[in-house]
There are 2 protein chains.
Amino acid sequence: MELRQLQYTLQIAKEKNFSRAAQKLHIAQPSLSQQLAKLEKEIGILLFHRNTNSVELTHAGAQFIEKAQSIMDLVEQLKNEMDDISQLRSGKLIIGSLPITGSHILPFVLPVFRQRYPEIEITLVEETSANLEQLTVSGQTDISLLTLPINEPMIAFQEIIRDEIMLCVPPMHQLAAMQAAPAEVELRSLAEQSFIVLKKGQGFRQITIDLCAE
Amino acid sequence: MELRQLQYTLQIAKEKNFSRAAQKLHIAQPSLSQQLAKLEKEIGILLFHRNTNSVELTHAGAQFIEKAQSIMDLVEQLKNEMDDISQLRSGKLIIGSLPITGSHILPFVLPVFRQRYPEIEITLVEETSANLEQLTVSGQTDISLLTLPINEPMIAFQEIIRDEIMLCVPPMHQLAAMQAAPAEVELRSLAEQSFIVLKKGQGFRQITIDLCAE
DNA sequence: CCCTCTTACGTGGCTCGTAACAATA
DNA sequence: TATTGTTACGAGCCACGTAAGAGGG
């Protein structure tokens, strides 16, 4: 039993006439007869009474087209669904991000995206840079927003924004005097200072350490 | 899109392994790859992520098999239904009968039939012999129980019972005396009697008239 | 005689299998 | 090297079209 045969049978039932049904289906009329005959042989029962000038559903035929129609409807739904997904009108996107990015950048981006693709379901995963790299490589996130540098060679990346790193000190600090005339601070001049750094696995910690290693 | 492809896809999703799925489907593994590739090309989206040692559904694939399963289930139902009908386990039977047959013969037959084929729906049409002939020829009844002779040449028939025709008279009637020693009555001796005959179109009227025509 | 569906038969396309290949553990 | 999925290619089957047949008004 093939979908083609269901479709043909439905068309015959609709037209009650093989020739017209064949025209609608864009096939030759004998081919239609053949396919129906084959189907009837397969299921072992006549679907239509054919008299010279009338084509009528048998009882079995009436039962048949009822289910056949449901099947064809479902197939149609399935095709449309796949179409939506393949044209990115619906789907699922898993975005990995740093907690800070998640709260500073995504709130501006996601609403726009949602409006444009309302059928796409978005899942947000917040992790450290190091973990995000692993999640992205293993496919557990579709894309991730993280900080350079990236160690994992499998990852393709593109720079989005470049940020200045600022040095902050309390008002009493010896460097606070510079605030009146801001200028670049020689890293070397901070060599003796103590810093609070981020936890291991967070990108900014590495950046900080790399900078100070000089 | 073909039912075969749905079935193949479902099997792959079940096994998460092309080779095993191909075995279950009794086809060669490359044929399975081919069909899936063809399907994916048709709908324009990948249904499975294939890594060297894992086969996993994509989001689209998961949506796909859900509907595909419903479709295959419906197809299975359809087949079973047709099977039932073709094996006469279910269906519809329109029986034509004379009112008298309907009340004397069918009450003995139908209960037995119903028990044997509970899924067959029976419709009873009571009509005169002449009308039943027409209904049967035009297919409005599947079979009819009526009285011979049958005028319509298209009808195939089989004799079921043969009945004696009795002559009844009131107690005072001149022929009532014969009741003591019943014997055949010469039709000729009734020539002068008057009869009440049935309406036109009823078989027994014709029989009576034919007999008396001699 | 025209219109209907069926039967007969040859052709092209499609699914299948075998074989060779590629990738990974 | 064993096991996985993919690519290549030839063979048989099947749906199709054309042509001829058959049954009814």
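Below, chains carry the letters A, B, ... as their sequence lines are ordered, and counting in each starts from 1.
Residues A:Gln29 and A:Ser33 bring a donor and an acceptor atom of their side chains to less than 3.5 Å of each other. Checking B:Gln35 against B:Ser31 by side-chain atom types alone, no donor-acceptor pair falls below 3.5 Å. A:Asp73 and A:Gln77 form no side-chain donor-acceptor contact under 3.5 Å, judged by distance and modelled atom types alone.
The interatomic distance linking A:Leu32 (CG) with D:dT18 (C1') rounds to 16 Å, in whole Å. Following rounding to the nearest Å, B:Arg4 (CZ) and D:dC14 (C1') show an atom-to-atom distance of 11 Å. Taking atom CZ of residue B:Arg50 and atom C1' of nucleotide D:dT3, one finds them 17 Å apart after rounding to whole Å. A straight line from CG of A:Leu25 to C1' of D:dA15 spans 13 Å, rounded to a whole angstrom. Computed from coordinates, the B:Lys16 NZ to D:dT4 P distance equals 16 Å when rounded to whole Å. Between A:His26 atom NE2 and D:dG17 atom C1' the separation is 16 Å, expressed in whole Å.
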Evaluate the criterion side-chain contact (heavy atoms from CB on, under 4.5 Å) for residue pair B:Thr9 and B:Leu47; output intermediate values, then yes/no.
CA-CA 9 Å; B:Thr9 305; B:Leu47 297 176; 4.1 Å; yes
Run the numbers on A:Glu2 and A:Gln7 for side-chain contact (heavy atoms from CB on, under 4.5 Å), then give the verdict.
CA-CA 9 Å; A:Glu2 295 299 328; A:Gln7 188 194 350; over 6 Å; no
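The side chain of A:Gln34 sits closest to D:dC16 out of D:dT4, D:dA19, D:dC16. The nucleotide whose nearest atom lies closest to any side-chain atom of A:Gln35 is, among D:dT7, D:dA15, D:dT18, D:dA15.
When the side-chain nitrogen and oxygen atoms of B:Ser19 are compared with OP1 and OP2 of D:dT3, none of them lie within a distance under 4.0 Å. Remark: A:Lys38 is not in phosphate contact with D:dC14, judged by side-chain N or O atoms under 4.0 Å from OP1 or OP2. In this model, the phosphate group of D:dG17 is approached by a side-chain N or O of A:Ser31 to a distance below 4.0 Å at OP1 or OP2.
Chain A approaches DNA chain C within less than 4.0 angstrom (heavy atoms of the protein), and the contacting nucleotides run 5' to 3' from C:dT4 to C:dC9.
Between B:Phe48 and B:Glu40 the shortest heavy-atom distance is N-OE2, 3.4 Å. Across all non-hydrogen atoms, the minimal contact from A:Ile94 to A:Val125 is CG2-CG2, 3.8 Å.
DNA chain D is contacted by both A:Pro30 and A:Glu2; A:Glu2 maps to the nucleotide lying nearer its 5′ end (nearest heavy atom per residue).
Residue contacts for B:Gln29: at a heavy-atom cut-off of 4.0 Å it reaches a base atom on one of the strands shown. Backbone-only engagement by A:Asn17 is indicated by non-hydrogen atom pairs under 4.0 Å involving sugar-phosphate atoms exclusively. Within the nucleic acid shown, B:Tyr8 comes within 4.0 Å of sugar-phosphate atoms alone, with no base atom in reach, counting heavy atoms only.
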